[in-house]
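Treat the numbers as computed from the prediction; the structure is a model and nothing was measured. Chain letters run A, B, ... following the sequence lines, proteins first, then strands; residues in each count from 1.
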Protein chains: 2
Amino acid sequence: MATRTDAPTRREQILKEAARLFAERGFHGVGVDEIGAAVGISGPGLYRHFAGKDAMLAELLVGISGQLLTGARRRLAEADGGPAGRDPEAVLDSLIEGHIDFALDDRPLITLHDRELDRLRDSDRKLVRQLQRQYVELWVEIVREVYPDLAEPAARSAVHSVFGLLNSTPHLGRAGALPGRGATAALLHRMARGAFGAAGTD
Amino acid sequence: MATRTDAPTRREQILKEAARLFAERGFHGVGVDEIGAAVGISGPGLYRHFAGKDAMLAELLVGISGQLLTGARRRLAEADGGPAGRDPEAVLDSLIEGHIDFALDDRPLITLHDRELDRLRDSDRKLVRQLQRQYVELWVEIVREVYPDLAEPAARSAVHSVFGLLNSTPHLGRAGALPGRGATAALLHRMARGAFGAAGTD
DNA sequence: CAGGGAGGTTAGCGCTCGTTAACCTGAAGG
DNA sequence: CCTTCAGGTTAACGAGCGCTAACCTCCCTG
């Protein structure tokens, strides 16, 4: 487990600020000059680090999808490696926890994730879609193990809907009135489990 | 109850197509020429019906928020007008049903609703935000009647999250493999109730 | 039957934005 | 000490877009 202690590179600064701006005002609503200004350089200086504005968005979206999928696979492997065979309940809880962490810690990315996909080049979009699909299918598999009386199409719909629930985090923090990160995470977790449980009750 | 039988006006055609295009490619990603072409006239012809591209978006967003709020108030009044005092469970079910109908029948509008709000003039944005807030507060009130052991901030978060769940409909229809409108609506309804129920379980 | 407004058309202006070109600078390496 | 190169700068170009201007053509009405 590599914990970053070194300073973020300029590329990473740019990506972070670009994600924030894209999430706030949309891909077409942000100019390269603004992105540059956000990291203290001006407009065309960005082209020393990226081939173009499109490339930034592509790297962000591919990165998000890849991180989500990789994290989910890691959690699945960890649970499967346990002594007593795989415990589907524990795996599902772990998946939910991972997704919540992501939704709470990287809200701009979560926002971009299902908002700006169409602005990508065909090849990049296909890659992102493929990663997303694998992520969904991984969830569907586990959900059907926990709730066997759930048909596959219904399970897939349920997974998408729970993603909608968990990805609602950007709408929560309008005022600072939300009850702290831990409580919010626990609330989302309970609601996700409750939604899945109710989905299985025909 | 006025059921429309007359043909849609040109204005309405334009709004409908603009909503679809904005939802597909974002407000800045669509040109006025495209919107015009979608209704069979060309670019600047739109200015006979709207003051500008911004005005179309504003009318769409204000319309959505207003319809949602009006519908919710009507449902609340109908339930309150019943013989045996108000039944919070029934009201909540009715609110959920109304929101699901909207999410299933007007997916482009649902998409716009939380995506392009920032592109509005200040006054329009404030109006939309106010309508949205009233809609949320109406839900919060009913939810807290059904689940009294839910504190207000948690209830508000739960409402936003359930909106995220219900508004996931645009992500469901990738392939035509979803199990029909009725089944989808029922699934979403069960999940929403399950999520609220789990939110109340501390 | 005149006339006027509703609802189109095309041409074109002005601005914004992504991108490139040309140039500069400070620090590292032989 | 000279070179080189990463990482900036400003100027400017070209395309696209929202919007206006000017004009046309029905259709309705007095």
Looking at every strand, decide which applies to [X] at a 4.0 Å heavy-atom threshold: base, sugar-phosphate, or nothing.
| X | answer |
| --- | --- |
| B:Val30 | sugar-phosphate |
| B:Gly45 | base |
| B:Gly52 | sugar-phosphate |

Take B:Gln132 and B:Leu69 through the test side-chain contact (heavy atoms from CB on, under 4.5 Å) and record every step on the way to the result. CA-CA 8 Å; B:Gln132 287 181 347; B:Leu69 179 58; over 6 Å; no
Value in whole Å for how far the [atom2] atom of [N] lies from [atom1] of [X]:
| X | N | atom1 | atom2 | answer |
| --- | --- | --- | --- | --- |
| A:Phe50 | D:dG8 | CZ | C1' | 16 Å |
| B:Arg11 | C:dG7 | CZ | C1' | 14 Å |
| B:Ile41 | C:dG8 | CD1 | C1' | 8 Å |
| B:Tyr47 | C:dT9 | OH | P | 14 Å |
| B:Met56 | D:dC19 | CE | C1' | 11 Å |
| A:Asp33 | C:dC15 | CG | P | 17 Å |
| B:Leu46 | C:dG7 | CG | P | 13 Å |
| A:Leu21 | C:dG18 | CG | P | 12 Å |

Flag the pair B:His99 / B:Phe163 as yes when their ring centroid distance falls below 6.0 Å, and as no otherwise. yes
Could you check A:Arg48 against A:His28 and say which one's nearest nucleotide on DNA chain C is further toward the 5' end?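 Closest to the 5' end, via its nearest nucleotide, is A:His28.
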With a 4.0 Å cutoff (strictly under), does any side-chain N or O of A:Arg10 reach OP1 or OP2 of D:dA6? no
Say whether A:Asn167 and A:His113, considering side chains only, have a donor N or O and an acceptor N or O under 3.5 Å apart.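 The answer is no; no qualifying pair exists.
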Any sub-3.5 Å donor-acceptor pair from A:Lys16's side-chain atoms to A:Pro8's backbone N or O? no
Candidates D:dA21, D:dT10, C:dG8 - which lies nearest the side chain of B:His49: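 Out of D:dA21, D:dT10, C:dG8, the nucleotide with an atom closest to B:His49's side chain is C:dG8.
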Can you pull the side-chain hydrogen bond (donor to acceptor under 3.5 Å, both in side chains) pairs that have at least one residue in residues 56-78 of chain A, sequence neighbours excluded?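 For residues 56-78 of chain A, and leaving out neighbouring residues, the side-chain hydrogen bond (donor to acceptor under 3.5 Å, both in side chains) pairs sorted by first residue read A:Arg11-A:Glu59, A:Arg73-A:Gln134, A:Arg75-A:Ser94.
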